[in-house]
There are 2 protein chains.
Amino acid sequence: MDGRRAKGERRRREIIDATLRVIERDGVAGVTHRVVAREAGVPTTATTYYFSSLDDLLVAALTTAAEDYVSQVLGLAGEALSTRDSAAALADLLAESAGPRRGRTIAEYELHLLAARRPALRPAARRWIEVMRELCRELFDDEAAFRALIAAVDGLMVEALVADEPPGVEDFRPVLEYLIGPRTRLPGPNPSGSPTVE
Amino acid sequence: MDGRRAKGERRRREIIDATLRVIERDGVAGVTHRVVAREAGVPTTATTYYFSSLDDLLVAALTTAAEDYVSQVLGLAGEALSTRDSAAALADLLAESAGPRRGRTIAEYELHLLAARRPALRPAARRWIEVMRELCRELFDDEAAFRALIAAVDGLMVEALVADEPPGVEDFRPVLEYLIGPRTRLPGPNPSGSPTVE
DNA sequence: TCACTACTGGAACGATCGTCCCACAAGTTT
DNA sequence: AAACTTGTGGGACGATCGTTCCAGTAGTGA
């Protein structure tokens, strides 16, 4: 075990965390070596030492953010989705993302858009969609049904971020109930391809 | 009629168009006075003459882009939606946005995210949602139903932009048919809040 | 014709950028 | 202890940034 490497890994992680705070505050555009270094309390050269280029730093930071979010959703929402009403749990998650965690949410969607331009970020960007699929798959018998739900969740968030006032649970819930249905599990085969209730 | 003003307005519009091309190519981060001026074929000071700051230029460019898109959607899609199968028409629109118009679509979603940080952009960002509402409202009797559709359209686009290969019409169509129903107009009152067919 | 306004475009300012260089400290291995 | 690897951090390079200044051109109204 090398004490130097351990300390290095710690510092590397601190730089990534600082980068995420900068993105939350100023957006991806605000990420520079100097700003990140100041935020992390390390000399400017530390960021270039651990990340060969600014692009590498961005990829690392946003990949980490995606992983953090995924594990959080898996922990919290996964539990909530299985024990509570699904639509209500999802509405809570959305309201939380649009309200208290708004800055972080904006940062995460900037990841999505950055991934559209930089292939290196795409696996990380897609991963949260896959996680949502895992979370929601068992709620649906129909492929189109949960693709619609997942897409709608993203769309509702994008919509919420440009609202003057962050929407609340009550704004999300009707749409989610419409997509999921008031009951946790939807009935079986549905030849028409449309959701039904009861 | 002042020939100078007319020429000025023309040049102003050329600068905006050049800005949009730069955004398509390099993203919002790539927009600088010098780059835009070079793209437009005007001296650097022209961009500062017509737009007091770089921020003003961004607001003007992205507002214009939103308006252009809105009028295009109103013209093309409005016609298609009324004369053809709605789901198919929307699927075409999405495939077009994710494929040939991919760069422009990315630019438009960067507008959305920028609007999350800058209130000046929010009206322009919200306008396209309102237009979609106008386009889709008559297809639905239920508020939640078309809110779900509009959100899903956004979500499908965000998802499509991080895919390695642009999805085609056949990828979008099942989801849209699920949300709209195979027929253009849905049946009347629907107490359960879920869409039904026939 | 002449003051006036709208527009043009070159030059330059200070600031900040990404990145490199290199001397040095700290920790590990032999 | 000596030789090494790994991490540290100050300083500086050239480039580019947003923005300002200002002399000059062209079109307009009196």
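Note on naming: letters A, B, ... go to the chains in the order of the sequence lines (proteins, then strands), and numbering restarts at 1 for each one.
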Q. Looking at DNA chain C, which of residues 12-29 of chain B put a heavy atom within less than 4.0 Å of it?
A.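 Per residue number, the list is empty: none.
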Q: Mind checking A:Y50 for me? I need base, sugar-phosphate or nothing, with any heavy atom below 4.0 Å counting as a touch.
A: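 Here A:Y50 touches the backbone only, sparing every base.
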Kindly write out the residues that satisfy salt bridge (charged side-chain N to carboxylate O under 4.0 Å, His left out) with [X], not counting sequence neighbours, or none if the list is empty.
{"X": "A:D171", "value": "none"}
{"X": "A:R133", "value": "A:E143"}
{"X": "B:R127", "value": "B:E67"}

[X] [atom1] to [N] [atom2], straight-line distance once rounded to whole Å:
{"X": "B:L57", "N": "D:dT19", "atom1": "CG", "atom2": "C1'", "value": "14 Å"}
{"X": "B:E9", "N": "C:dC7", "atom1": "CD", "atom2": "P", "value": "8 Å"}
{"X": "B:R5", "N": "C:dC7", "atom1": "CZ", "atom2": "P", "value": "6 Å"}
{"X": "B:K7", "N": "D:dA26", "atom1": "NZ", "atom2": "C1'", "value": "8 Å"}

Please output the side-chain donor-acceptor pairs of residues 91-99 of chain A that fall under 3.5 Å, not counting sequence neighbours, one pair per line with the distance.
| residue | atom | partner | partner atom | Å |
| --- | --- | --- | --- | --- |
| A:D92 | OD2 | A:R84 | NH1 | 3.3 |
| A:D92 | OD2 | A:R84 | NH2 | 3.0 |
| A:S97 | OG | A:L93 | O | 3.0 |

Side-chain donor-acceptor pairs of residues 19-29 of chain A under 3.5 Å, sequence neighbours excluded:
| residue | atom | partner | partner atom | Å |
| --- | --- | --- | --- | --- |
| A:T19 | OG1 | A:I15 | O | 2.7 |
| A:R21 | NE | A:E39 | OE2 | 2.6 |
| A:R21 | NH2 | A:E39 | OE2 | 3.4 |
| A:R25 | NH2 | A:E39 | OE1 | 2.4 |

Q | Nucleotide-resolved protein contact map, nucleotides 14-25 of chain C, B/S/- at heavy-atom distance under 4.0 Å | A | ---BBBBB----
Q) Among side-chain atoms of A:D56 and A:Y50, is any donor-acceptor pair under 3.5 angstrom? A)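 Not at all, the side chains of A:D56 and A:Y50 share no donor-acceptor pair under 3.5 Å.
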Q. So, is A:R11 near the phosphate of D:dG9, with a side-chain N or O under 4.0 Å from OP1 or OP2?
A.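 It does, given that an N or O in the side chain of A:R11 lies less than 4.0 Å from OP1 or OP2 of D:dG9.
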**Q.** Residue pairs involving residues 107-116 of chain B (criterion salt bridge (charged side-chain N to carboxylate O under 4.0 Å, His left out); sequence neighbours excluded)
**A.**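 Only A:R117-B:E110, B:R101-B:E108, B:R104-B:E108 qualify under salt bridge (charged side-chain N to carboxylate O under 4.0 Å, His left out).
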Residues 159-166 of chain B, side-chain donor-acceptor partners within the protein, below 3.5 Å, at least two apart:
| residue | atom | partner | partner atom | Å |
| --- | --- | --- | --- | --- |
| B:D164 | OD1 | A:R122 | NH1 | 3.2 |
| B:D164 | OD2 | A:R126 | NH2 | 3.3 |

